[in-house]
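Everything numeric in this text was worked out from a predicted model, so none of it was measured. The basis for the numbers below is simple: all heavy atoms, side chains too, and nothing from hydrogens, waters or symmetry mates.
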Amino acid sequence: MTEMLKITLPDGSERQVAPGTTPAEIAADIGPGLAKAALAARVDGEVRDIMRPLERDVALSLITAKDEADALELVRHDYAHVLAEAVQALWPGTQITFGPATDDGFYYDVMAPEGRDPFSMDDLPAIEEKMREIIRADKPLRREVWSREQLIEKWQSEGETFKAEWAAELPENEELTVYWSGDDWLDMCRGPHLASTGKLDPQAFKLMRVAGAYWRGDQKNAQLTRIYGTGWLNKKQLNAYLHRLEEAQKRDHRKLGQEMDLFHLQQEAHGSVFWHPKGYRIWRELESYMRRKMDGAGYREIKTPQVMDARQWEKSGHWGKYRENMFVIPDEVPNTEDDAELVSHDAEWMALKPMNCPAHVLVFKQGITSYRDLPVRLGEMGCCHRNEPHGALHGLMRVRQFTQDDAHIFCTEDQVIEETRRFCELADTVYADFGFTYEIKLALRPEQRFGSDEDWDKAEAELRQAVVDAGMATEEYGWEELPGEGAFYAPKLEWHLTDAIGRTWQVGTIQSDRVLPERLDASYVGEDGERHRPVMLHRAIFGSYERFIGILIEHFAGRLPVWLAPVQAVVATIVSDADDYANEVEAKLAAAGIRVETDLRNEKINYKVREHSVGKVPVILAIGHREVEERTVTVRRLGEKQTSVTSLTDIVSELSRSATPPDLL
């Protein structure tokens, strides 16, 4: 008699099934509704095909559309394979390479057949229609295990040179699998997949764009075409995503930055921002706000050098772990002779700082620090440089030169939890002032790291406890732990902000570091008179000013809160006879601390309103004959069609309140 398998379900109940039973059969046995809804199975924690037979006792849960993260990963993976099948069906001889799921969709890298131009946007409608045909055919997706020799022979015989090359390099002990789509098309893939193409919604995907790509990401290799798509569980989700994209385009900080005359970027300084007066006013307001917050929380501000000797970066560990992202500088006077090398090969090396922490340790080490002095909280609006690839640069969001609202807390072991809790509460007040909601994540130790397991255990437990003590380790705060995503020297808490259209941005962080104080020999004198290592907490709230300003511009669609707006009010005349009164209104507003401009041009008022609305000025005060006689102003607020008439005294009072930073109210 065949020994039955024991299957443990999520509710703790158990079922006895014969070996070879599939999760799909178990779903059908539970009920027809579940059988229809089930997309895949989680077997002892691993996501597997719902049609893959079970061969041992396992814990089993069934994945449905309600398990959205798993379900989206599955359907996007399948959309990628259907894309590859469609392209090969339309253009035989096309070579396929890889096609993973992404955060919002999928892509596949392909090479057009010989004699055909690379694929373009013009090809996407035909590919989409072929994909829908394959989906409607409801082709079974079937897993098979093949030998390496079978795979190589298959790909070579069909002219799939990229696949053959990859198959030849797969590890000897790895189980090699292919997936059939029906009986006429297959791809090499680990899986898992849905039971059939018909499980996909043919109206829930869209091909978005094409781009150039290189085989295995190497510019020396063959150039391919990458076809990008977005895929969802249903059409409603797709439409919501496309709407978000449309909103994101309207809110693009690069476009708004130009319209509002805030900043520009140009090739003469790749990845560095040219701030215009209005943009730098936003910066200054944020910097003043953050200084007040840091002063109130007991931080002392310092300023450290931009360039430090490479030996310091070697000691800190950054030279070995981070050098490819650093700008290095020879420590010598450059040669002025035209026919000679600019620098010699004997120069000592220095580097522009990519972060502030090693310099802060050097400040901490000056003099003798007692345990009575701790915690020491050192803050810096520190300008840093990182050698990001040109192709990765993106407006204010990813730059080469940036300034952090950086700080480091040097404390005893016993103070770590309390200092971290205090930081959680400080960050909460800051994000609330900007109207952001957020989630907190704990990024745990990566594979490659410095420090002992004991220190990592302690640091992770401290950060975890601090969030518990702050009352934030809850579903409300999206509390989650992220294995393997910590820095090479420390675990970290991350703050992920949600903006007005639902996107998330990782900004704030605090890291609990025992490695850098050891490597750079930082110490304090304990109560016992002996030297002890402090724990170093690296922390930031904005992250970088550049990126945070970009996030704010997109979050508010340029309509910044009045206290942050570069120009808070414009006094615009309707007739030239109102010029004197307009200047008087401007003077009173300016005396009250309002950033105000006058527009006395000989233009129609509607023209002036449109122009200042594009510039996202929060309030326009229109003045004509009636306003001069009654000593009033007509108020038009950004985004509102209705106007109101109010007295000069009242508008000065109202704007004074709305122009006050939230921490000073």
Nearest heavy-atom contact between Trp166 and Met188 is CD1-CE, 3.7 Å
Tell me if the CD atom of Glu14 is crowded by more than 12 foreign heavy atoms within 6.0 Å. yes
Any chance you could measure Lys130, atom NZ, to Trp91, atom CH2, to the nearest 0.5 Å? 10.5 Å
Measuring only between side-chain heavy atoms, which start at C-beta, is Asp29 closer than 4.5 Å to Glu25? no
Before you tell me yes or no, could you show the steps for Arg514 and Glu518 under salt bridge (charged side-chain N to carboxylate O under 4.0 Å, His left out), namely the whole-Å CA-CA distance, both residues' side-chain angles and the distance that decides it to 0.1 Å? CA-CA 7 Å; Arg514 288 169 167 81; Glu518 179 71 32; over 6 Å; no
All side-chain contact (heavy atoms from CB on, under 4.5 Å) counterparts of His385, not counting sequence neighbours: Gln306, Phe327, Leu352, Cys383, Gln401
With a 4.5 Å limit on heavy-atom distance, are the side chains of Ile7 and Val58 in contact? yes
Are any of the side-chain nitrogens in Arg142 or Asp183 under 4.0 Å away from the carboxylate oxygens of its partner? yes
Under a 4.0 Å threshold between the charged nitrogen and the carboxylate oxygen, would Asp513 count as salt-bridged to Lys492? no
Answer yes or no: is there a side-chain heavy-atom contact under 4.5 Å between Leu141 and Lys199? no
Determine, stepwise, if the pair Ile551 / Met397 fulfils side-chain contact (heavy atoms from CB on, under 4.5 Å). CA-CA 8 Å; Ile551 292 169; Met397 302 304 192; 4.1 Å; yes
Compare every heavy atom of Arg398 with every heavy atom of Ala392, then report the nearest pair and how far apart it is. O-CD, 3.4 Å
Going from CD on Glu128 to CG on Leu207, what distance comes out if it is rounded to the nearest 0.5 angstrom? 4.5 Å
Under a plain distance cut-off of 3.5 Å, with no hydrogens placed, do His496 and Glu439 share a side-chain donor-acceptor pair? no
CG of Leu170 to CZ of Arg148, rounded to nearest 0.5 Å, is 6.0 Å
Start with the C-alpha gap between Leu186 and Lys154, add the side-chain angles, then the distance that decides, and say whether side-chain contact (heavy atoms from CB on, under 4.5 Å) holds. CA-CA 10 Å; Leu186 66 77; Lys154 159 77 174 174; 3.9 Å; yes
More than 12 heavy atoms of other residues, nucleotides or ligands under 6.0 Å from CE of Met51: is that the case? no
Would you say that more than 12 heavy atoms from the other residues, nucleotides or ligands in this model lie under 6.0 Å from the CD of Gln219, or not? no
Is the backbone N or O of Trp180 less than 3.5 Å from a side-chain atom of Glu144, with the two atoms forming a donor-acceptor pair by type? no
Should the pair His77 and His193 be assigned to parallel (<30°), tilted (30 to 60°) or perpendicular (>60°) ring geometry? tilted
From the list Trp232, Tyr228, Tyr107, Phe205, ring-ring contact (aromatic ring centres under 6.0 Å, His included) partner of Tyr79 resolves to Phe205
Electrostatic pair Arg244:Glu247 at N-O distance under 4.0 angstrom: no
Here's a test for you: under ring-ring contact (aromatic ring centres under 6.0 Å, His included), which of Phe106, Trp215, Tyr108 qualifies with Phe98? Trp215
Rounded distance (nearest 0.5 Å) linking atom CG of Asp67 with atom CG of Leu62: 9.5 Å
Could you check whether the rings of Phe423 and Trp495 sit parallel, tilted or perpendicular, using 30° and 60° as the cut-offs? perpendicular
Reported CG-to-CG distance for the pair Asp457 and Leu444, which is rounded to 0.5 angstrom: 10.5 Å
Between Leu90 and Ala126, which heavy-atom pair has the shortest distance, and what is it? CD1-O, 3.7 Å
Should the ring pair Phe542 and Phe548 be called parallel, tilted or perpendicular, given that the plane angle runs from 0 to 90° and is split at 30 and 60? parallel
Are side-chain N/O atoms of Gln88 and Glu160 paired as donor and acceptor at under 3.5 Å? yes
Hey, are Gln237 and Glu68 close enough side-chain-wise for a donor-acceptor pair under 3.5 Å? yes
Sequence neighbours left out, what passes side-chain contact (heavy atoms from CB on, under 4.5 Å) with Pro171? Give chain and number order. Asn173, Glu174
With a 3.5 Å cut-off and no angle check, do the side chains of Asp138 and Ser196 form a donor-acceptor pair? yes
With Lys163 as reference, evaluate Asp187, Leu151, Thr97 under the side-chain contact (heavy atoms from CB on, under 4.5 Å) test and give the passing residue. Asp187
Within 6.0 Å of NZ in Lys206, more than 12 heavy atoms from elsewhere: no
Applying side-chain contact (heavy atoms from CB on, under 4.5 Å), run through Val507 and Ile541 and close with a yes or a no. CA-CA 7 Å; Val507 285; Ile541 298 178; over 6 Å; no
Are Asp218 and Arg216 ion-paired here, with the side-chain N under 4.0 Å from a carboxylate O? no
Can you see which heavy atom on Ile50 is nearest to which on Pro23, and at what distance? O-CD, 3.1 Å
Evaluate whether atom CD of Glu153 has more than 12 neighbouring non-hydrogen atoms of other residues, nucleotides or ligands under 6.0 angstrom away. no
Under a 4.0 Å N-O cut-off, is there an ion pair linking Arg386 with Glu388? no
More than 12 heavy atoms of other groups within 6.0 Å of Glu169 CD: yes
If you count every heavy atom of other residues, nucleotides or ligands that lies below 6.0 Å from Asp103 atom CG, does the total exceed 12? no
Heavy-atom distance under 4.5 Å between the side chains of Gln511 and Tyr489, does that happen here? yes
Drop me the distance from Tyr179's OH to Asp49's CG, to the nearest 0.5 angstrom. 3.0 Å
List the atom of Pro19, the atom of Glu55, and the distance in Å for their closest heavy-atom pair. CB-OE1, 4.2 Å
Between Arg400 and Leu393 the two heavy atoms that sit nearest each other are CG-CD2, 3.8 Å
Salt bridge between Arg56 and Asp44, side-chain N to carboxylate O under 4.0 Å? yes
With heavy-atom distances below 4.5 Å as the criterion, would you say the side chains of Thr64 and Leu39 are in contact? no
State plainly whether the residues Glu485 and Lys441 are in salt-bridge range, i.e. N to O under 4.0 Å. no
Counting only heavy atoms from other residues, nucleotides and ligands, does the tally under 6.0 Å from CZ of Arg116 exceed 12? yes
Do Asp453 and Arg449 meet the salt-bridge criterion of a basic N to acidic O distance under 4.0 Å? yes
With a 4.0 Å cut-off on N to O distance, would you call Glu73 and Arg42 a salt bridge? no
Could Arg251 and Asp499 be called an ion pair, given the rule that one side-chain N must be under 4.0 Å from one carboxylate O? no
Contact check, side chains of Val47 and Ile63, non-hydrogen atoms, under 4.5 Å: yes
May I have the step-by-step check of side-chain contact (heavy atoms from CB on, under 4.5 Å) for Glu460 and Glu481, ending in yes or no? CA-CA 10 Å; Glu460 289 171 353; Glu481 299 193 5; over 6 Å; no
Anything under 30° is parallel, anything over 60° is perpendicular, the rest tilted; go ahead and classify His390 against His270. tilted
